[in-house]
Structure formats: structure tokens, C-alpha cells
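What follows is one structure encoded as C-alpha cells, with my remarks underneath.
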Amino acid sequence: MNRIGVLALQGDFEKHKITLDTLGQHTVLVRTKKDLDICDGLVIPGGESTTLTKLLKKHQLWEKVYNFAVEKPVFGTCAGLIILSRQIVKEPVETLDLIDIVTERNAYGRQIDSFIDELDIKMSGMEYKFEGVFIRAPKIVSSGKNVTPLAWHRQNVVMVEQNNILAATFHPELTNDTRIHEYFLTKVKG
Amino acid sequence: MRDSKDIKLKIGLAEMLKGGVIMDVTTPDQAKIAEDAGAVAVMALERIPADIRAHGGVARMSDPKVIKAIQNVVSIPVMAKCRIGHFAEAQILEALGVDFIDESEVLTPADEEFHVDKWKFKVPFVCGCRDLGEALRRIAEGAAMIRTKGEAGSGNIVEAVRHMRTVQQGIKKITVLGDEELVTEAKNLGAPVELVREVKKLGRLPVPNFSAGGVATPADASLMMQLGAETVFVGSGIFKSTDPEERAKAIVSATTHYMDFDLIARVSEGLGEAMPGLEIAAIPEQERMAKRGW
């Protein structure tokens, strides 16, 4: 059976693990390079992107995750999306540049501006509504031609895909709806 | 527990902070040092607990100017403290856009009977506790995160350990009680029975459980994480030490990798003097902060 790693340096990695466990998926909490070696896919959870970036670099996981993502599926939510982005608006923040999007951090404001609202998902030939949990969320400001939009909140694209990389500005792991994680698992199984 | 979008968003932010370190800071420079060291959030204060203790007098909410200056230099969440029961201070902090309010025993209580009704706020609250009953009373009032009280500004971990163990023992006990025993247990704890039932169902608190009060070394951080803390607050421990920058980084590493003792040994090497620290017995009863709150 495939093994999915959940980056567990910091953030809501437990929530992703619970969602994947519910789906009967074998999951591994990834804290070291060795942990990642045995994984077939990786989730980068929500958390604080500055903290996650520092910890990834400090423990030599930055390059390791980059090389992993060249061939294997990676799913980033919120802070995970920021780290996967090509570039961050207005800030000289280093990113992994694994998906061709430009992202603005904390784009909706502070915690008092966090919100839950309905999203429109268009994925695998299906269309449905999804509960979008946005916490100090980023916004995708622009995306390249190879990037496929998969979800919208009003006018904003909030979930995208480019080859083996999937990224969302919201937190499907904070809902009981497992459909987005199921979709990610189909990418892992190929 | 109320099941609303509101509490989901509040607990959601607490989830994002898990596995990280929240550091007390008093200036924009310290806030930058904390962020650069990998803190997941900062607590903006006029004085850190050790200095509040030394200074004496009434300790109040920080000057909004201090909070704004810190908000301007970091992108991580900024927290601030209000006095127990001082809902006007909390309203002001919410207006300033702080990301989390700590209704804290470190400040002088404003109300010796009632805590703030935290459901009325959009901003999430964290509250301290010494045992499970106190934790559940705060959650009943709307707290989205619980932390141990420990003894702030003491540099001594013993009270935080006591409080974390007491909470965990309380939880373990509930998980083995029969359903018919829960109402009496709720009475004994002084907590709503709905929350007691929820703890039995979940086997843990319904909100994240963090640790605070007395963390001074990477080993202290690892200890609290192993005892069941999900994140560590460090108050005076960083900026009262001789090398705050290195100590901050070391405590961050020890919190993330709290079971990797080779790594913790490495980051603990040559950190210089930790904050001096106080023997709890040497702190007069009336000056113990953990006793504040009801």
C-alpha cells in the first residue's frame, strides 16, 4: 500500500493525518529526511509559513522536499501552498517554486478577518460545493498557463493543480469532507 | 460545546500554531528575533512576567502603541494579554486586530468572580488552568485554547509540570468512568456535564492544550511536549537569558523534535546562562500568579 507523508514540523499536521486515516490510508509523520524516503506522496499542512520554511531549511528538508516533488505528488494547504508557490507578492520570501502561481500572504487580513464560506469545486468532471475554511489565508494573485484552477471562492481561484502538485489556500482538513484528500490519493495511485 | 463556524475558526488558528513556540516580546526588535528564530506567534507585552513580578503594583494590558509597533514588523500572529474579567481591555485588543487574546493571570485580575464571556468576541482567547475543572470552565466561557498556568516569570518548570499532569490525570480518569458517573464528576470538577461527556468521547480536551509558565531551556520544552502539551509558550525564558537568539532557536528545535534527544543535546550545547529562576517556595503566597483565576 502507498504511504503518504504528512510534514509534521509544525502546524495542523494531525488534522491531515486524521483525514487520511479516515480514508484507510497509511500515513507517516515526516520530521526527518529518512521519514520522507519511505513516502509515495507528501502533504504540507497549514501552519506558519515563515516557521515552516525555517525548519525545513534547518533540518536539510528543503532540497529533499524539492527533489521529492519533482516526481511524486505533493498537496499543500494554506502555508503549504505558500511554500509551493513560484513567488510571493511584495515580500522577498524564498519558496520551493514547484507550482507556477504568485501568492499574497495573509491576503484577507488578520484573524478577525478569517472566515468560512461556500466554495465551488470543479474536479474530475464533477462540480460540487465545499465548505471553505480560510484562516489568515493567502490569495493566489496570478497563475501560469500550465496551472489548472479547481476551486473558486467568488471571483478568486482558491485551489490549483499543476501536474503532480495540488495546492489550496483553505483548509479541507478542518472539515469532515474528505473528497479533496480522496482526489489527492488518486494522484498518488496514478 | 457550541458548534458554530465561529469556534471552528478560533480553534482552527490554534491548530495552526501546534508544534511551535510562542514567545513573549516587548519591542519590535525582540519580535523580529523571535520570528527569525522560528516562533509561530509572539505575545506583545509592555513587560515580561519576570519584570512584572519584580516591578510589583497593578499589571495591566499593554500600551496599544507597543502592540501596533510589534504588529508592524512581523507576519506571524500577534497575541496580547488582558486582565482576568477585564472585557473592556479585551474589546480594545480586538479593535487593535490582535490574533489571539490571553486572559491572563500574569496581569492583575480585574474581576475576582467572573472571567470574560469569550463567546461574544470574534478574536479567539487562550486561558490558563491548573486542573481539568478550570480548563473546562474556561472552555465553557468560549476559550479556544487552554494552557497550563505554571508559575510565570519564575524560570521554574515545576508548576507547569504539576498543572499539565493534573489536567492529563483528570482526562484519563473521565475516560474510564461509566456514563452514570459523569454528572457527579462534573459536579466535583465544577464543569458543565456536556464538556465532561465530550472529554470522555474524545479522550482529550475539545480545544488544543498548550503549555506555559516556567519554560527556560530546550529540555523544559521537550518535557512539556512529552507530557502532552501541543505547543509551548516561552515568557521570560528567552529575553532574560544571556543569548536570546540562540536560546530561542534551540527551544524551537527542541519543541519540533521533542523526542530526538541527540538533536536536543546538540542545540543545548553552550547556550550560556538560562534565566536565573526562582524557587517556588520562596515566592510569597500572595505573589503567586497561578492562584489567580477561578
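Here is how names work: the chains are called A, B, and so on, in the same order as the sequence lines, proteins then strands, and each is numbered from 1. Remember, predicted model here, so these are calculated numbers, not experimental data.
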Which atoms of [X] come close to chain B, meaning under 4.5 Å heavy atom to heavy atom: side chain ones, backbone ones, both, or neither?
| X | answer |
| --- | --- |
| Leu9(A) | both |
| Arg31(A) | both |
| Leu55(A) | side chain |

Among Val21(B), Leu17(B), Asp36(B), who wins on heavy-atom pairs under 4.5 Å with chain A?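 Max contact count across the listed options: Asp36(B).
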Under a 4.5 Å cutoff for heavy-atom pairs, which residue among Thr256(B), Asp6(B), Leu9(B) has the most contacts with chain A?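 With the most close heavy-atom pairs to chain A, the winner is Leu9(B).
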I'd like to check the ring-ring contact (aromatic ring centres under 6.0 Å, His included) partners of His86(B); sequence neighbours left out, ordered by chain and number.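 Residues passing ring-ring contact (aromatic ring centres under 6.0 Å, His included) with His86(B): none at all.
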Taking only residues two or more places apart in sequence, or in another chain, which ones meet Tyr108(A) in a ring-ring contact (aromatic ring centres under 6.0 Å, His included)?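 Result, ring-ring contact (aromatic ring centres under 6.0 Å, His included) vs Tyr108(A): Phe115(A), Phe134(A).
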Separation between CD of Glu15(B) and CD1 of Ile135(A), rounded to the nearest 0.5 Å: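 It is 8.5 Å, given to the nearest 0.5 Å.
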Separation between NE2 of His257(B) and OG1 of Thr32(A), rounded to the nearest 0.5 Å: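 His257(B) atom NE2 to Thr32(A) atom OG1 measures 8.0 Å (nearest 0.5 Å).
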Are more than 12 heavy atoms from other residues, nucleotides or ligands located less than 6.0 Å from atom [atom1] of [X]?
| X | atom1 | value |
| --- | --- | --- |
| Asn72(B) | CG | yes |
| Lys68(B) | NZ | no |
| Lys57(A) | NZ | yes |
| Phe87(B) | CZ | no |

Side chain, backbone, both or neither: which part of Ala39(B) has an atom under 4.5 Å from a heavy atom of chain A?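 For Ala39(B), the contact with chain A is made by the backbone alone.
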Please state whether the side chain, the backbone, both or neither of Lys10(B) comes within less than 4.5 Å of a heavy atom of chain A.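 The backbone, not the side chain.
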Does the side-chain contact (heavy atoms from CB on, under 4.5 Å) test come out yes or no for Arg110(A) and Gln71(B), once each step is laid out? CA-CA 10 Å; Arg110(A) 300 180 184 281; Gln71(B) 283 174 325; 3.5 Å; yes
Do Lys18(B) and Glu48(A) meet the salt-bridge criterion of a basic N to acidic O distance under 4.0 Å?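 No.
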Treating Lys122(B) as the side-chain partner and Ser114(A) as the backbone partner, does any N or O pair qualify as donor plus acceptor under 3.5 Å?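 Yes; at least one donor-acceptor contact below 3.5 Å.
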Taking Gln10(A) for the side chain and Met16(B) for the main chain, is one N or O donor matched with an acceptor at less than 3.5 Å?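 Yes.
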Below 4.5 Å, heavy atoms only, C-beta onward: do [X] and [Y] meet side chain to side chain?
| X | Y | answer |
| --- | --- | --- |
| Lys249(B) | Lys54(A) | no |
| Pro77(B) | Gln111(A) | no |
| Ser253(B) | His59(A) | yes |

Got a list of side-chain donor-acceptor pairs under 3.5 Å for residues 60-68 of chain A, not counting sequence neighbours?
residue	atom	partner	partner atom	Å
Gln60(A)	NE2	Lys58(A)	O	3.2
Lys64(A)	NZ	Asp37(A)	OD1	2.6
Asn67(A)	ND2	Glu63(A)	O	3.3

If I compare all heavy atoms of Lys8(B) with all of Thr175(A), which pair ends up nearest, and what's the gap?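 So the two residues come closest at NZ-CA, 4.1 Å.
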Of all the residues in residues 91-104 of chain B, which have a heavy atom that comes within less than 4.5 Å of a heavy atom in chain A?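 Glu94(B), Gly97(B), Asp99(B), listed by number.
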Please check if any side-chain donor atom of Ser75(B) sits under 3.5 Å from a side-chain acceptor atom of Arg105(A), or the reverse.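 A pair is found: one side chain offers a donor N or O, the other an acceptor, under 3.5 Å apart.
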